[in-house]
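I have placed the structure first, in the form of structure tokens, so that the comments after it can refer back to it.
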Amino acid sequence: MKGFLVAAFVLLTVSTSFAQHSDESTSLKNLSVYQDSLEALGKKFVNDPDDIERKNANYKFIRMLVGALKVPHSFNYPFDSLKSISIINAPDNRFRIISWHIMNQDGSYRFYGTVQMNTGGNLLMYPLEDYSPLLKNPEDSVTDNRKWYGAQYYKIIKVAAAKPYYVLLGWKGNTVKSTKKVIEILSFDRDDKPLFGMPVFDGGNKNRKRVIFEYTRQASMLLRYVPDQQLIVFDHLAPPDDKLKDRPDTFGPDLTYDGYKLKNGRWVFADNLDMRNIPEERDAQYVDPKAQAVKDRASVPLNKKN
């Protein structure tokens, strides 16, 4: 009888393991199919010259992405061939953020995204709705996922404070004249729902709930995290002439650097940082997919005629 029970247990274990493996294999196949379709739609909403076609492709992309994320084990699937979007995981793997942008006909941008929670089971996600044009004082606002200050994120930093939170670094685009970048704060309420913005930035003439930079579209701007110094470092932006001090669309780096240093769970402003020991990586952590596509096409040699 004992031998029978052992054999039954082994058989059950093997069967369960086989079923799990089969389930994961099926999920991977489904996700791979989704990825191929999403990749095609992503290229279309980045590169199609027609505004309506770009937006239609984006709407199809959103519906298809939701379907893909409903597939079991989707949280662990990297979707790494989708160059049109950004996918970054929190350092503790609690969630990941998927974000992207669509260029409008007038050269402005609209942002899309979702926070996918790591439930280990059924899909739990919070769609991000770009509310940027209606936020009158974005540096002083705390919002939820329905009133998101849209951006395409490239870095998540976890902060162990009395109320733990995450810092997000993002590219925001803006208009045909200027570009924006943002230092955003993400936390979760008692119901585990996302909140954006928190008054943790001190100095620089004011206390902020998020930090926004605007500069001329012809320039690039350094905004990165230096983990061993617990420092967010960025270019100091200045106008080319004092007469243009009220025109941020003319601002550019002046070869000095400022930053926010983490102290007791808050970020304290510091100016004139010594950057000699910090490698300069201007926009290295974000590449506009449309610009990259143009670069890729330019690097492909033309076929020679026989």
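For the single chain, residues carry numbers from 1 onward in sequence order. Just so it is clear, the model here is predicted, and its values are computed rather than measured.
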Counting only heavy atoms not in [X], do more than 12 fall under 6.0 Å of its [atom1]?
X    : atom1 : result
K261 : NZ    : yes
D106 : CG    : yes
D242 : CG    : no
N122 : CG    : no
L134 : CG    : yes

What's the separation between atom [atom1] in [X] and atom [atom2] in [Y], rounded to the nearest 0.5 Å?
X    : Y    : atom1 : atom2 : answer
S37  : E39  : OG    : CD    : 10.0 Å
Y126 : F95  : OH    : CZ    : 12.0 Å
L65  : L82  : CG    : CG    : 8.5 Å
R224 : L231 : CZ    : CG    : 9.5 Å
Y215 : L237 : OH    : CG    : 8.0 Å
L262 : I157 : CG    : CD1   : 9.0 Å

Is it the case that one hydrophobic cluster holds both [X] and [Y], taking links as side-chain heavy atoms less than 4.5 Å apart, direct or via other members?
X    : Y    : value
L195 : W148 : no
F111 : L135 : no
I212 : Y131 : yes
V182 : I102 : no

I would like to know whether N174 and S178 meet side chain to side chain donor-acceptor pair (under 3.5 Å); could you show each step before the answer?
CA-CA 6 Å; N174 194 35; S178 72; 2.7 Å; yes
Closest non-hydrogen atom pair, [X] against [Y]:
X    : Y    : result
V167 : I183 : CG1-CG2, 3.6 Å
I156 : I88  : CG1-CD1, 3.3 Å
D202 : Y260 : O-CE2, 3.7 Å
H73  : S27  : CD2-OG, 3.6 Å
L169 : Y225 : CD1-N, 3.9 Å
Y109 : H101 : CD2-CD2, 3.4 Å

Run the numbers on F234 and Y257 for side chain to side chain contact (heavy atoms under 4.5 Å, CB included), then give the verdict.
CA-CA 6 Å; F234 44 88; Y257 303 91; over 6 Å; no
Would you please test Q152 and S86 for side chain to side chain donor-acceptor pair (under 3.5 Å) and show each step?
CA-CA 7 Å; Q152 189 158 345; S86 298; 3.0 Å; yes
Assess whether a salt bridge exists between D249 and R247, defined as any Lys/Arg side-chain N lying under 4.0 Å from an Asp/Glu carboxylate O.
yes
Between R54 and D51, does at least one N-O distance fall below 4.0 Å, as a salt bridge requires?
yes
Determine whether [X] and [Y] make a side-chain contact, defined as any pair of heavy atoms from C-beta on separated by less than 4.5 Å.
X    : Y    : result
F196 : V142 : no
K209 : F201 : no
S32  : Y77  : yes
L168 : R210 : no
M275 : L222 : yes
S74  : Q116 : yes
Y166 : V159 : no
L128 : V115 : yes

Under the criterion salt bridge (charged side-chain N to carboxylate O under 4.0 Å, His left out), I'd like the reasoning laid out for R110 against D130: C-alpha separation, chi angles, the key distance, then a yes or no.
CA-CA 7 Å; R110 184 173 179 83; D130 190 352; 5.1 Å; no
Step by step, would you call T250 with D241 a side chain to side chain contact (heavy atoms under 4.5 Å, CB included)?
CA-CA 9 Å; T250 68; D241 188 292; over 6 Å; no
Is [X] reaching over with its side chain to a backbone N or O of [Y], donor-acceptor style, under 3.5 angstrom?
X    : Y    : value
N118 : N93  : yes
D144 : K147 : yes
K181 : M221 : yes
D258 : L273 : no
N137 : D140 : no
T179 : R217 : no
E184 : G170 : no

When you compare the side chains of S141 and K136, does any donor N or O come within less than 3.5 Å of an acceptor on the partner?
no
Pairing donors with acceptors under 3.5 angstrom, does anything connect the side chains of T216 and Q218?
yes
Partner of K180 under side chain to side chain contact (heavy atoms under 4.5 Å, CB included), picked from F213, W171, Y149, is Y149
Side chain to side chain contact (heavy atoms under 4.5 Å, CB included) for S187 and K163? Distances and angles first, verdict last.
CA-CA 8 Å; S187 61; K163 180 183 178 181; 4.0 Å; yes
Test salt bridge (charged side-chain N to carboxylate O under 4.0 Å, His left out) on E53 and K44 and set out the steps.
CA-CA 8 Å; E53 289 299 317; K44 190 172 181 63; 3.8 Å; yes
With W100 as partner, the option from F61, Y154, Y153 fulfilling ring pair (Phe, Tyr, Trp, His ring centres under 6.0 Å) is F61
Under the criterion salt bridge (charged side-chain N to carboxylate O under 4.0 Å, His left out), I'd like the reasoning laid out for E139 against K206: C-alpha separation, chi angles, the key distance, then a yes or no.
CA-CA 10 Å; E139 289 193 322; K206 64 179 292 188; 3.8 Å; yes
Would R96 pass as a cation-pi partner of F75, given that its NZ or CZ must be under 6.0 Å from the six-membered ring centre and within 45 degrees of the axis?
yes
Using a 6.0 Å distance limit plus a 45 degree cone around the ring axis, check whether R94 lies over the aromatic ring of F188.
yes
Partners passing ring-ring contact (aromatic ring centres under 6.0 Å, His included) against F251 (at least two apart in sequence or in another chain):
none
Going through the distances and angles, do I87 and I85 end up as a side chain to side chain contact (heavy atoms under 4.5 Å, CB included)?
CA-CA 7 Å; I87 303 177; I85 66 175; 3.9 Å; yes
